[in-house]
2 protein chains.
Amino acid sequence: MIDAAGLRVMKAIADEGSFTGAALSLGYSQPAISQMVRRLEQRTGTVLVERVGRNVRLTEAGQVLARHAVAVLSALDAAEEEVAAIAGLRAGRVRLMAFPSSSATLVPRALALVKQRFPDVQVTFTEAEPPESLAALKAGECDLAVAFAYEGTDVGRGEEDMDLFVTHKLLDDEVRLALPRTHPLADRDGIELSALATENWIAGCPRCRGHLLQMCANEGFTPNVGFETEDYVAVLGLVAEGLGVALIPDLILRTANHHDVVTLPITPSSRRTISVVTTADLQRVPAVQATIDALCEAAKAKPRVLASN
Amino acid sequence: MIDAAGLRVMKAIADEGSFTGAALSLGYSQPAISQMVRRLEQRTGTVLVERVGRNVRLTEAGQVLARHAVAVLSALDAAEEEVAAIAGLRAGRVRLMAFPSSSATLVPRALALVKQRFPDVQVTFTEAEPPESLAALKAGECDLAVAFAYEGTDVGRGEEDMDLFVTHKLLDDEVRLALPRTHPLADRDGIELSALATENWIAGCPRCRGHLLQMCANEGFTPNVGFETEDYVAVLGLVAEGLGVALIPDLILRTANHHDVVTLPITPSSRRTISVVTTADLQRVPAVQATIDALCEAAKAKPRVLASN
DNA sequence: TGGCTTCGATAACTTTCGGTTATGATCGCC
DNA sequence: GGCGATCATAACCGAAAGTTATCGAAGCCA
């Protein structure tokens with residue numbers, strides 16, 4: 001019934017004391033004010049201004065509207081400013097989910113980049129493996145997921161609704177064989193997977209275990225998996241103690257290595273692709289886009305860290 | 001930029017969880033919501049909803065708008081309600097000015113009527129003689145003036161801008177001669193003004209004094225005015241003490257009389273007209289109209305009071 | 001897996017509302 | 001009494017907002 005424009009006009013009339021002044025201050029023409037007031041009067045069914053001589057004066061009801069105008073308009077301005085802040089990266093919240101081994105350096109580096117560039121954008125971070133993080137993304141519980149997919153399977157995921165998601169590849173993560181320094185094969189430059197059919201194996205996270213089984217099946221054998229743990233530090237410990245060998249992504253080795261463990265490239269080579277995943281809608285949110293950018297840059301900066309290691 | 005309708009829509013979407021639901025709850029069609037959201041999005045330059053499957057979910061910016069919506073809309077409702085209260089006589093303030101002798105019974109009775117009918121309408125009351133009250137009305141310092149004009153002069157006033165004002169006649173007030181009970185003429189049923197040329201006169205308010213001089217001039221003499229006071233009780237006291245005679249409006253005699261004073265009709269008869277004056281704009285304000293009505297009714301009820309006196 | 005239902009997007013049309021220009025009426029002032 | 005300023009009114013114009021009709025797609029259910 002009453003709209004903000006009407007209130008703005010009433011306030012301008014109260015401030016300026018005349019229709020003409022109000023028109024000037026609002027950038028309208030004088031008749032616009034005139035009929036705007038008339039509209040308001042017949043909508044409210046009340047006299048809002050009294051025409052006295054060639055000036056006008058607000059009635060009590062008119063003063064009421066003018067008084068409320070400041071409250072309404074300031075609330076409107078506040079809303080506008082707040083979304084403008086989000087649009088202008090002066091505010092905003094990004095809920096990021098990433099799988100554990102990415103949170104070692106890739107994610108912290110990206111978060112630091114975002115914080116440096118847009119100090120008021122808040123990125124919250126939760127660890128989650130790709131299946132859960134993508135489910136959370138779908139459920140609207142996060143805005144961004146850092147996920148990985150092993151070569152062969154699709155980048156975003158191997159699942160059906162890949163077109164719902166938008167993925168940006170961050171980096172390729174080579175899978176290497178980890179074995180004890182004391183192992184007979186430890187001094188080789190590389191090794192064929194098929195030569196490891198009789199080893200005891202240590203498996204990582206469920207997806208990694210699946211990938212291990214898949215690769216071995218391709219080579220014609222079923223690995224003897226003696227241990228399973230999601231903690232790659234534990235995997236390295238187990239390997240170091242000579243309890244078995246493991247396939248470990250290179251990304252993990254950059255931050256956690258063990259002086260009793262040697263890693264070798266394998267044949268056929270295998271890698272996983274690490275990507276950041278979001279939705280088409282969310283990607284258009286500035287803070288989300290900024291976080292994606294930061295992640296991409298953090299990923300590009302990675303190899304140097306690797307080389308120095 | 002952002003309008004209340006947009007906020008209302010955002011809130012409805014937040015509440016209903018879908019465009020269709022919002023459309024239903026607001027009485028719009030579904031496409032209306034759809035393009036309303038799109039408009040808002042391109043105005044704010046931000047993504048406000050994410051389309052997930054066949055439902056929608058608000059983004060952070062969208063939630064911000066929905067959250068502010070309640071503040072803005074409630075402020076708007078408050079404004080609307082307040083003017084509706086004024087329009088519906090559940091609120092409102094009337095600033096009434098009346099000349100002193102009208103405040104004895106006429107005004108109190110009218111105020112009581114208003115208070116009984118519309119307990120929440122506040123009538124404030126200030127005493128003022130017609131010249132000042134009408135000036136105040138013109139200056140916007142009051143809404144209603146109870147004024148009087150002596151026969152011959154115009155009802156609203158004798159001045160130029162009578163068409164600015166709207167007047168409602170309340171009652172005619174007969175002017176009577178007040179003289180001491182001991183006066184030789186005190187037992188007459190009436191008296192010619194011309195027979196009083198040699199009396200000592202006591203004059204009331206400036207306008208009354210002017211009227212006295214005018215009447216006497218019409219009868220061919222100039223009254224010998226020994227006292228002037230605006231306080232009619234004082235006039236009666238002076239008359240009672242035999243210090244002179246006076247012309248006193250009947251309205252005053254209804255509330256203030258003196259057992260040593262006798263009043264008589266005079267010839268030529270004279271009366272003043274008591275009216276309530278406002279402006280055309282203010283008359284359309286419900287509370288003002290209600291007060292006018294109450295004054296008219298209070299004036300009609302008057303004669304009975306007089307008769308019983 | 002294939003229809004059925006439902007939901008959002010889009011297009012095209014219509015109407016109403018809000019605004020401007022032009023003009024008139026009136027007031028206050030010189 | 002004329003002049004300048006102010007509000008009101010009329011006529012006109014355009015944009016914006018809402019509607020109907022239709023499409024595409026998603027989820028649901030058998």
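Here is the naming used below: chain letters follow the sequence lines, and residue numbers restart at 1 for every chain. The basis for the numbers below is simple: all heavy atoms, side chains too, and nothing from hydrogens, waters or symmetry mates.
Regarding R8(B), its CZ atom lies at a distance of 15 Å from the C1' atom of dA17(D), rounded to whole Å. The CG-P distance, from L24(B) to dG8(C), rounds to 11 Å in whole Å. Going from atom CG of L58(A) over to atom P of dC7(D) covers 12 Å, rounded to whole Å. A straight line from CZ of R57(A) to C1' of dC7(D) spans 15 Å, rounded to a whole angstrom. One can place CD1 of I33(B) at 14 Å from P of dT20(D), the figure rounded to the nearest angstrom. As rounded to whole Å, 13 Å separates atom P of dC27(C) from atom CG of N55(A). Between the CD atom of E16(B) and the C1' atom of dT6(C) there is a distance of 16 Å, given to the nearest Å.
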What N/O pairs connect the protein and nucleotides 2-5 of chain D at under 3.5 Å? Give each pair on its own line.
| unit_1 | atom_1 | unit_2 | atom_2 | d |
| --- | --- | --- | --- | --- |
| dG4(D) | N2 | R54(A) | NH1 | 2.7 |

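For the pair R95(B)/M97(B), no side-chain contact is recorded, criterion being any heavy-atom separation below 4.5 Å from C-beta on. Looking at R43(B) and D3(B), their side chains come closer than 4.5 Å, going by heavy atoms from C-beta outward.
Applying the 4.0 Å criterion to OP1 and OP2 of dG8(C), one finds that T20(B) has a side-chain N or O inside that range.
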Assign a letter to each nucleotide of nucleotides 9-21 of chain C from its 5' end: B, base within under 4.0 Å of a protein heavy atom; S, sugar-phosphate only; -, no contact. BB-------SBBB

Would you check, one step at a time, whether the test side-chain contact (heavy atoms from CB on, under 4.5 Å) holds for M36(A) with L40(A)? CA-CA 6 Å; M36(A) 217 169 215; L40(A) 262 182; 6.0 Å; no

Under the side-chain contact (heavy atoms from CB on, under 4.5 Å) rule, what do L282(B) and V47(A) come out as? Steps first, then yes or no, please. CA-CA 8 Å; L282(B) 288 174; V47(A) 189; over 6 Å; no

Checking side-chain contact (heavy atoms from CB on, under 4.5 Å) for the pair L65(B)/I2(B): CA distance, chi angles, key distance, verdict? CA-CA 10 Å; L65(B) 284 191; I2(B) 286 182; 3.9 Å; yes

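Checking V107(B), V288(B), D143(B) one by one against L96(B), the side-chain contact (heavy atoms from CB on, under 4.5 Å) holds for a single residue, V107(B). Partner of H68(A) under the side chain to side chain donor-acceptor pair (under 3.5 Å) criterion, out of E80(B), E81(B), E82(B): E82(B) alone.
Ring orientation note: the planes of Y150(B) and H211(B) are close to parallel, at an angle under 30° on the 30°/60° scale.
Here R90(A) does not pair with D120(A) in a salt bridge; the nearest charged N to carboxylate O distance is not below 4.0 Å.
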